[in-house]
Amino acid sequence: QLQLVESGGGLVQPGGSLRLSCAASGFTLADYVIGWFRQAPGKERERVSCIRRSGGATVYLDSVKGRFGNSRDNAKNTVYLQMNRLKPEDTAVYYCAADLLRNCLTDDWEYWGQGTQVTVSS
């Protein structure tokens, strides 16, 4: 079965860090671009970042630039979103998505994970 599974979310205090994982089963993540998105209650989904097949990454969301970073471990078929200096406004469900053919700016992703909740609160 082809699927993406996110993990690593949870409750963290402001200023803390979390690392989200996005693991693939049934296909090789290295062949795909991987996007990270988030959606807070009552708000539209936001494009956070993307890591390309080459390993290069771009953070699109201005509010997280300098705090969030991407990496991938092809041996583990997993990509990561490292989130540092977290703020309450980062609270959201975070999703990863993968696409074989399109680029990071696509709105039509082939696979989506189920999402992982990140809550930043004291």
Side-chain angles (χ1 to χ4, degrees):
Q1 185 176 2
L2 306 179
Q3 61 178 353
L4 290 172
V5 178
E6 297 105 335
S7 61
L11 174 64
V12 62
Q13 291 186 343
S17 298
L18 283 175
R19 188 177 75 163
L20 305 184
S21 300
C22 174
S25 62
F27 62 99
T28 302
L29 268 186
D31 296 334
Y32 289 70
V33 292
I34 308 298
W36 285 96
F37 299 82
R38 72 184 188 185
Q39 188 164 22
K43 295 187 177 181
E44 293 188 353
R45 186 176 67 197
E46 298 180 298
R47 188 189 307 266
V48 177
S49 64
C50 183
I51 186 163
R52 293 177 286 280
R53 298 170 189 87
S54 63
T58 301
V59 175
Y60 294 103
L61 194 58
D62 287 342
S63 62
V64 307
K65 286 181 178 178
R67 300 189 294 121
F68 288 16
N70 294 264
S71 63
R72 68 193 310 160
D73 185 335
N74 292 336
K76 294 183 177 180
N77 212 26
T78 301
V79 297
Y80 303 97
L81 180 67
Q82 179 68 43
M83 306 187 297
N84 299 321
R85 302 194 304 278
L86 283 159
K87 303 176 181 181
E89 51 264 43
D90 295 320
T91 296
V93 178
Y94 285 72
Y95 300 89
C96 62
D99 200 276
L100 179 63
L101 299 178
R102 301 175 182 88
N103 63 30
C104 281
L105 296 178
T106 184
D107 290 323
D108 186 17
W109 294 81
E110 188 172 356
Y111 300 108
W112 284 90
Q114 83 286 358
T116 185
Q117 176 70 47
V118 172
T119 302
V120 185
S121 175
S122 56

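Model, not experiment: these values are computed from the prediction. One is the number of the first residue; the rest follow in order along the sequence.
L100 and L105 are assigned to two separate hydrophobic clusters, defined by single-linkage of ILVMFWY side chains at heavy-atom distances under 4.5 Å. Linking Ile, Leu, Val, Met, Phe, Trp and Tyr residues whenever their side-chain heavy atoms come within less than 4.5 Å places V118 and V79 in a single cluster.
Side-chain atoms of Q82 never come within 3.5 Å of backbone atoms of R19 as a donor-acceptor pair (strictly under, hydrogens ignored). Counting only distance, with no hydrogens or angles, the side chain of T116 and the backbone of G9 share a donor-acceptor pair below 3.5 Å. Between the side chain of N74 and the backbone N or O of N77 there is no donor-acceptor pair closer than 3.5 Å. A donor-acceptor pair is defined here as one N or O able to donate and one able to accept, closer than 3.5 Å; no such pair exists between the side chain of Q13 and the backbone of V120. A distance-only check finds no donor-acceptor pair linking the side chain of E46 to the backbone of Q39 [under 3.5 Å].
Residues M83 and V12 fail the side-chain proximity criterion, which asks for heavy atoms closer than 4.5 Å. Between L20 and Y80 the shortest side-chain heavy-atom distance does not fall below 4.5 Å. Side-chain atoms of V64 and V48, non-hydrogen and from C-beta on, do get closer than 4.5 Å to each other. Proximity of R47 to D107: side-chain heavy atoms (C-beta onward) are separated by under 4.5 Å at one or more points. With a 4.5 Å cut-off on side-chain heavy atoms, L81 and S49 count as touching. Between W112 and Y95 the shortest side-chain heavy-atom distance falls below 4.5 Å. The shortest distance between side-chain heavy atoms of W36 and E6 falls below 4.5 Å.
To the nearest 0.5 Å, the span separating CZ on R72 from CG on N70 amounts to 9.5 Å. For the atom pair SG (C50) and CG (N103), the distance works out to 8.0 Å, reported to the nearest 0.5 Å. One distance of note links CD of Q1 with OG of S25; it measures 6.5 Å at 0.5 Å rounding. Considering CG of L29 and NZ of K76, their distance stands at 13.5 Å, rounded to 0.5 Å. A distance of 5.5 Å separates CZ of R38 from CZ of F68, quoted to the nearest 0.5 Å. Atom CD1 of I51 and atom SG of C96 lie 12.0 Å apart (nearest 0.5 Å).
Heavy atoms only, all atoms of each residue included: S121 and P14 are closest at C-CD, 3.6 Å.
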**OP:** Report the C-alpha distance between K87 and D90 in whole Å, list the side-chain angles of each, state the deciding distance to 0.1 Å, and finish with yes or no for salt bridge (charged side-chain N to carboxylate O under 4.0 Å, His left out).
**Re:** CA-CA 5 Å; K87 303 176 181 181; D90 295 320; over 6 Å; no
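Under a 4.0 Å N-O distance rule, the pair R102/D108 qualifies as a salt bridge.
N84 and S17 are linked by a side-chain donor-acceptor pair at a separation below 3.5 angstrom, with hydrogens and angles left out of the test. A donor-acceptor pair shorter than 3.5 Å cannot be found between the side chains of T106 and D99. Counting only N and O atoms by type, the side chains of R52 and T58 include a donor and acceptor under 3.5 Å apart.
Between Y32 and F27, the angle of the ring planes lies from 30° to 60°, which puts this pair in the tilted group.
In this structure, Y94 has its ring center at least 6.0 angstrom away from the ring center of F37.
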